[in-house]
There are 2 protein chains.
Amino acid sequence: MNIGQAAKQSGISAKMIRHYESIGLIHSSARTDAGYRTYSQNDLHTLRFIKRARSLGFSLESIGHLLSLWQNQERASADVKMLAQDHIQQLNTKIRELTEMRDVLLTLVEGCQGNHRPECPILHGLEAGPNCSAAS
Amino acid sequence: MNIGQAAKQSGISAKMIRHYESIGLIHSSARTDAGYRTYSQNDLHTLRFIKRARSLGFSLESIGHLLSLWQNQERASADVKMLAQDHIQQLNTKIRELTEMRDVLLTLVEGCQGNHRPECPILHGLEAGPNCSAAS
DNA sequence: CTTGAGCTTCCCACAGTGGCAAGCTTGATA
DNA sequence: TATCAAGCTTGCCACTGTGGGAAGCTCAAG
């Protein structure tokens, strides 16, 4: 199967497949005499694994670790679990940060008339600092 | 005040202040004869505005809009409000995505023994796709 | 006058993805 | 068989926002 087919079937763009190869995330695929990359079902399996890991927000670096654990029959599930928990932590941190931002913004927006006049608590908030008293 | 002072007092690194100037987010500051950038209280005010907008997650592009509204005495608060609401939307979308990722991962992690043995539901989940039945 | 801190510009890096261009291959059709 | 479109190749540039470093100038204090 050529790269276009592999892209369609894995959900990863051809561009990205080449990129993943270039950074060593996946092994260099086989090539035809003309130099076309060819992909086996096994390769496809790996690409799908990557696709799903990406969709859970793992970084390419973490995915590298996950792949090597996946392919290592002697792995300890504890190692995988640690990676996953670590990522959950990061997700929670990010979620918390974004939620705080949103809540501050919501407060500001609620106070804003949103009319034709220039008076605007949102701008005042940015000026004075919503977190001015609460440090930064 | 030199750029170093401005950086300390605004919380934006000197590096970034120069960058913001280079992309036109802020006006080019005054210079001494020797070519050193100098910043007034007014400039500092602007930098702090940017700092706070950044801390609420606004993109530099949006901050450009916010700045011009801020400096325009004839703005309509409705315009500011729209920008803010738009950003809240984006934050909510992101929060939702990350939360979904986290929840899927939590489910996988719960099923994993996390011991010395290779059997690992997390890897199975990545293989088969946690969202395999639920589309992607 | 020397020294060290601070400033200048310019280039490189990161993660992850997209786009474009020049040139070759492949397969089908006229 | 000649040709044409679609698909492949590599390579370079873009984005966002930030940091690092180098080479060289300036300023203030000793």
Side-chain angles (χ1 to χ4, degrees), chain A residues 1-26 28-40 43 47 49-67 86-87 90-91 93-94 97-98 101 136, chain B residues 1-26 28-40 43 47 49-67 86-87 90-91 93-94 97-98 101 136:
Chain A
M1 160 186 348
N2 283 343
I3 199 171
Q5 273 302 307
K8 260 182 216 161
Q9 308 213 357
S10 67
I12 300 178
S13 73
K15 199 85 197 223
M16 279 301 103
I17 296 178
R18 291 192 201 99
H19 180 57
Y20 292 165
E21 184 185 313
S22 83
I23 62 172
L25 182 64
I26 52 180
S28 298
S29 75
R31 300 274 189 142
T32 66
D33 290 351
Y36 280 26
R37 288 173 180 81
T38 54
Y39 295 87
S40 64
D43 296 330
L47 289 174
F49 182 98
I50 294 174
K51 173 70 178 178
R52 298 204 184 94
R54 279 301 292 146
S55 79
L56 289 181
F58 282 100
S59 68
L60 294 186
E61 196 189 353
S62 299
I63 293 178
H65 298 329
L66 286 172
L67 277 175
D86 219 73
H87 185 46
Q90 285 174 263
L91 288 172
T93 301
K94 199 77 195 167
E97 289 170 359
L98 296 180
M101 290 176 185
S136 149
Chain B
M1 161 186 348
N2 284 342
I3 200 172
Q5 274 302 308
K8 260 182 213 159
Q9 307 212 0
S10 67
I12 300 179
S13 72
K15 203 83 195 225
M16 278 303 100
I17 296 178
R18 291 193 202 98
H19 180 56
Y20 292 165
E21 183 186 313
S22 82
I23 62 172
L25 183 63
I26 53 181
S28 300
S29 75
R31 301 274 188 142
T32 67
D33 289 351
Y36 281 25
R37 287 173 180 81
T38 54
Y39 295 88
S40 64
D43 296 331
L47 289 174
F49 182 98
I50 293 173
K51 172 70 178 176
R52 299 205 183 94
R54 279 301 291 147
S55 80
L56 289 181
F58 282 100
S59 68
L60 294 187
E61 196 189 353
S62 299
I63 292 177
H65 298 328
L66 286 172
L67 277 176
D86 218 73
H87 184 45
Q90 284 174 261
L91 287 171
T93 301
K94 198 78 194 165
E97 287 170 0
L98 296 180
M101 290 177 184
S136 148

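Sequence lines set the chain letters: A, B, ... in the order given, protein chains first and strands last, and positions in each chain run from 1.
- Across every non-hydrogen atom of Ala7(B) and Ala14(B), the tightest pair is CB-N, 3.6 Å.
- With the end axes of the helix from dC1(C)-dG30(D) to dA30(C)-dT1(D) each set by five pairs, the angle from one to the other reads 30° at 10° resolution.
- At a threshold of 4.0 angstrom between heavy atoms, the contacts of Ser13(A) are confined to the sugar-phosphate backbone, with no base atom among them.
- Residue Met1(A) contributes atom CE, which lies 16 Å from atom C1' of dC8(D) at whole-angstrom precision.
- For the atom pair NZ (Lys94(A)) and CG (Leu98(B)), the distance works out to 8.0 Å, reported to the nearest 0.5 Å.
- Separation of atoms OH (Tyr20(B)) and CD1 (Ile26(B)) is listed at 9.0 Å; rounding is to 0.5 Å.
- Atoms CZ and CE, on Arg54(A) and Met16(A) in that order, are 9.5 Å from each other to the nearest 0.5 Å.
- Between Ile12(B) atom CD1 and dT18(D) atom C1' there is a gap of 12 Å when expressed in whole angstrom units.
- Once rounded to the nearest 0.5 Å, the distance linking CD1 of Ile17(B) with OG of Ser10(B) reads 4.5 Å.
- At a threshold of 4.5 Å between non-hydrogen side-chain atoms, the residues Arg18(B) and Glu21(B) do not count as touching.
- Between the side chain of His87(B) and the backbone N or O of Leu56(B), at least one donor-acceptor pair lies under 3.5 Å.
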Worksheet, complete the sentence: With B for base contact, S for sugar-phosphate-only contact and - for none (protein heavy atoms under 4.0 Å), nucleotides 2-16 of chain C reads ----BSBB------S
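- Rounded to an integer number of Å, the gap from Gln90(B) CD to dT16(D) C1' is 13 Å.
- For the atom pair CD1 of Ile50(A) and CG of Leu67(A), the computed distance is 5.0 Å after rounding to the nearest 0.5 Å.
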